[in-house]
> 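The structure under discussion is supplied below as structure tokens; questions concerning it will follow.
Hydrogens, waters and symmetry mates play no part in the numbers below; they use all other heavy atoms, side chains included.
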Amino acid sequence: MTIPAHDLAAEVLDLPAEERARILELLIASFEPKSSAQKAWMSLALRRREEVRNGKVAMIPGDEALERVRARLA
């Protein structure tokens, strides 16, 4: 049974930040290995992870993030 993407996204966004980061890494790794897109996404993900770890940016709750995404898509 396939879970609709918006339901899956809602569940993932409710996870703790470190678990969301791990899922992001897995998703990025699922793209064609060593493609320019994969390199760019990995670079961005690692940079953002470091910004969170260094306190330069703060994570937001999953429900708030989901609301922001839905607002942009509306």
> Treat each ILVMFWY residue as a node, draw an edge where side-chain heavy atoms are under 4.5 Å apart, and state whether Ile3 and Leu66 are in one component.
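Different hydrophobic clusters.
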
> Are Leu46 and Val52 connected into the same hydrophobic cluster when the rule is that any two of I, L, V, M, F, W, Y join if their side-chain heavy atoms are below 4.5 Å apart?
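No: no chain of side-chain contacts under 4.5 Å links Val52 to Leu46.
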
> To the nearest 0.5 Å, tell me how far Met42 CE sits from Arg47 CZ.
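Between Met42 CE and Arg47 CZ, I get 12.5 Å after rounding to 0.5 Å.
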
> Please check if Leu44 and Leu24 belong to a single hydrophobic cluster, counting links between Ile, Leu, Val, Met, Phe, Trp and Tyr side chain heavy atoms closer than 4.5 Å.
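Yes, same cluster.
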
> Out of curiosity, Glu64 CD to Met59 CE, how far, rounded to the nearest 0.5 Å?
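So the CD of Glu64 and the CE of Met59 are separated by 11.5 Å.
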
> Just verifying a value: how many Å separate His6 NE2 and Leu73 CG, rounded to the nearest 0.5 Å?
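It is 12.0 Å, given to the nearest 0.5 Å.
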
> Just how far is it from atom CG of Asp14 to atom CD of Glu19, taken to the nearest 0.5 Å?
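Answer rounded to 0.5 Å: 11.5 Å.
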
> Which of these passes side-chain contact (heavy atoms from CB on, under 4.5 Å) with Val12: Ile23, Asp7, Leu27?
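Per the side-chain contact (heavy atoms from CB on, under 4.5 Å) rule, the option paired with Val12 is Ile23, out of Ile23, Asp7, Leu27.
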
> Taking the side chain from Ser43 and the backbone from Ala40, do they hold a donor-acceptor pair closer than 3.5 Å?
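Absent.
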
> Would one find more than 12 heavy atoms of other residues, nucleotides or ligands at under 6.0 Å from atom CZ of Arg20?
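Buried by this count: over 12 neighbours within 6.0 Å.
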
> Between Glu25 and Arg22, does any NZ, NE, NH1 or NH2 come within less than 4.0 Å of an OD or OE carboxylate oxygen?
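The answer is yes: the pair qualifies as a salt bridge.
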
> Is Leu13 reachable from Leu15 through a run of hydrophobic residues whose side-chain heavy atoms are each under 4.5 Å from the next?
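No: no chain of side-chain contacts under 4.5 Å links Leu15 to Leu13.
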
> Quick one: pull up CZ in Arg72 and CD in Glu67 and give me the separation to the nearest 0.5 Å.
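CD of Glu67 is found 13.0 Å from CZ of Arg72.
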
> Does this structure show an ion pair linking Arg53 with Glu50, if we count only N-O contacts that are shorter than 4.0 Å?
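Judged by the 4.0 Å cut-off on N to carboxylate O distance, Arg53 and Glu50 do form a salt bridge.
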
